[in-house]
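One-based numbering along the sequence shown.
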Amino acid sequence: MTAILLGIVLMVLSTVAASAQCSICTKTAQQMGEKPAKALNAGILYLMVTPFAVVGFIGYRLWKQNKSDKV
């Protein structure tokens, strides 16, 4: 399990910067310039992490609890 988790973390960290913008945000970012556009994209990615972290934590706790109940 640790190897799988480490592999996932390494894949996420080694990816090229993602473009997490809808079409409206992309047009707005193009009008602002390069530096503000990168900041906008970073903000979108930052806000995306929180729900995934919460769901991942809950899933991990349920998996851990289910694993301990079977023993």
Side-chain angles (χ1 to χ4, degrees):
M1 178 63 188
T2 305
I4 294 172
L5 185 60
L6 181 63
I8 291 171
V9 169
L10 288 175
M11 283 191 289
V12 168
L13 293 177
S14 66
T15 59
V16 179
S19 296
Q21 298 176 351
C22 65
S23 60
I24 296 171
C25 295
T26 302
K27 287 185 182 238
T28 303
Q30 287 174 348
Q31 293 172 354
M32 291 189 303
E34 186 177 340
K35 193 171 183 180
K38 286 185 177 182
L40 176 65
N41 194 37
I44 291 169
L45 292 173
Y46 176 74
L47 289 172
M48 181 187 74
V49 167
T50 305
F52 281 101
V54 169
V55 170
F57 177 74
I58 292 171
Y60 174 75
R61 295 288 299 216
L62 289 172
W63 173 75
K64 195 75 164 171
Q65 183 181 12
N66 191 19
K67 186 177 176 182
S68 66
D69 288 345
K70 290 182 180 179
V71 174

- Note on the structure: Here the gap from Y60 atom OH to K67 atom NZ, rounded to the nearest 0.5 Å, amounts to 8.0 Å
- Note on the structure: d(N41 CG, Y46 OH) to nearest 0.5 Å is 15.5 Å
- Query: Are I58 and V49 grouped together when hydrophobic residues (ILVMFWY) are joined by side-chain heavy atoms under 4.5 angstrom apart?
  - Reply: no
- Message: For I4, I'd like to know if atom CD1 has over 12 heavy atoms of other residues, nucleotides or ligands within 6.0 Å.
- Response: no
